[in-house]
Trainee: 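Have a look at this one.
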Amino acid sequence: MTKIKICGLKTLEDAQKVNLYLPEYIGFVFANTKRFVTDEQALMIKQALDKRIQAVGVFVDDSMDHIISLCSKNIIDIVQLHGNESEEYVKKLKNQTNTAVIKVIKVQSVKQVLHMMSEEADFLLFDTYKKGMYGGTGERFPLEVLKDSLSALLERNRRIKPYFLAGGFNSDNVEETIRQIGCYAVDVSTGVETNGVKDGVKIKRFIEKVRTIYSV
């Protein structure tokens, strides 16, 4: 069954909303974006979060010490790297935290996707490329590019790691996408918001739409 990540939680109210419907993952954004949270905010939200939901920390070229600190305090359970972190960085981080790592690839072309594939990360996340932005665009990328990239990997006898899909998801398009290209998990933020605030009705509808796929 495809898992669900609701990214960009910022308030205790957000935690209450996701606790009602239990996505497998939520995301705290520690990068300088409109969804930025401080360590203290993330701790407060994590303490209010249902224990069955794992918290993913989202970073863009952050210091390793900061990430290690968040892991050691159990504020985050998984690390998501959105920047230009090297394979050496990923390997060292995993060794020092014993925490799973998601490496983000912003899809542009087959050649670029193949070049950016991480051997050290535990998961990949494919997102929409937009110059100057590290995520949260609310826009989709051409699935054909990803399909061709995955086919090229198989042709080269390279293993396809479990991957998340992000970029422009909402309750109206997520089912079609999952049926087109199977994935480990889908990641949504803008698509479950109204005026920049997490919307409980949209969260419920999105999660139900994903889980209904497997109930028939």
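Predicted model, so just to flag it, every value in this text is computed and none were measured.
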Trainee: Please check if atom NZ in K91 has more than 12 non-hydrogen atoms from other residues, nucleotides or ligands closer than 6.0 Å.
Mentor: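 Counting other residues, nucleotides and ligands, NZ of K91 stays at 12 neighbours or fewer.
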Trainee: Is the closest side-chain heavy-atom distance between K161 and D122 below 4.5 Å?
Mentor: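 In short, these two side chains do not touch, never coming nearer than 4.5 Å.
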Trainee: Mind running salt bridge (charged side-chain N to carboxylate O under 4.0 Å, His left out) on R211 and E24 for me, showing each step along the way?
Mentor: CA-CA 12 Å; R211 291 179 176 162; E24 285 77 14; 3.2 Å; yes
Trainee: In the single-linkage hydrophobic clustering (I, L, V, M, F, W, Y; side-chain heavy atoms under 4.5 Å), do V29 and V197 co-cluster?
Mentor: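 Different hydrophobic clusters.
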Trainee: Under 3.5 Å, is there a donor-acceptor pair between the side chain of D148 and the main chain of V145?
Mentor: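 Not a single qualifying donor-acceptor pair exists.
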Trainee: Answer yes or no: does atom CG of N32 have more than 12 heavy-atom neighbours from other residues, nucleotides or ligands under 6.0 Å?
Mentor: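 Result for CG/N32: open.
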Trainee: Is there side-chain contact between L93 and V101, with heavy atoms separated by less than 4.5 Å?
Mentor: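 Yes, close enough: below the 4.5 Å cut-off.
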Trainee: How about F141 and F126: are their ring centres within less than 6.0 Å of each other?
Mentor: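 Between F126 and F141, which both carry aromatic rings, the centre distance is not below 6.0 Å.
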Trainee: For the salt bridge (Lys or Arg N to Asp or Glu O under 4.0 Å) test, which of R52, K46, K51, K5 pairs with D77?
Mentor: K46
Trainee: Is there a donor-acceptor pair closer than 3.5 Å between any side-chain N or O of K10 and the backbone N or O of K198?
Mentor: no
Trainee: Testing I53, I4, V56 one by one against Y25 for a side chain to side chain contact (heavy atoms under 4.5 Å, CB included), which residue passes?
Mentor: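 Answer after filtering I53, I4, V56: V56.
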Trainee: May I ask you to decide whether E85 forms a salt bridge with K92, counting only side-chain N to carboxylate O separations under 4.0 Å?
Mentor: no
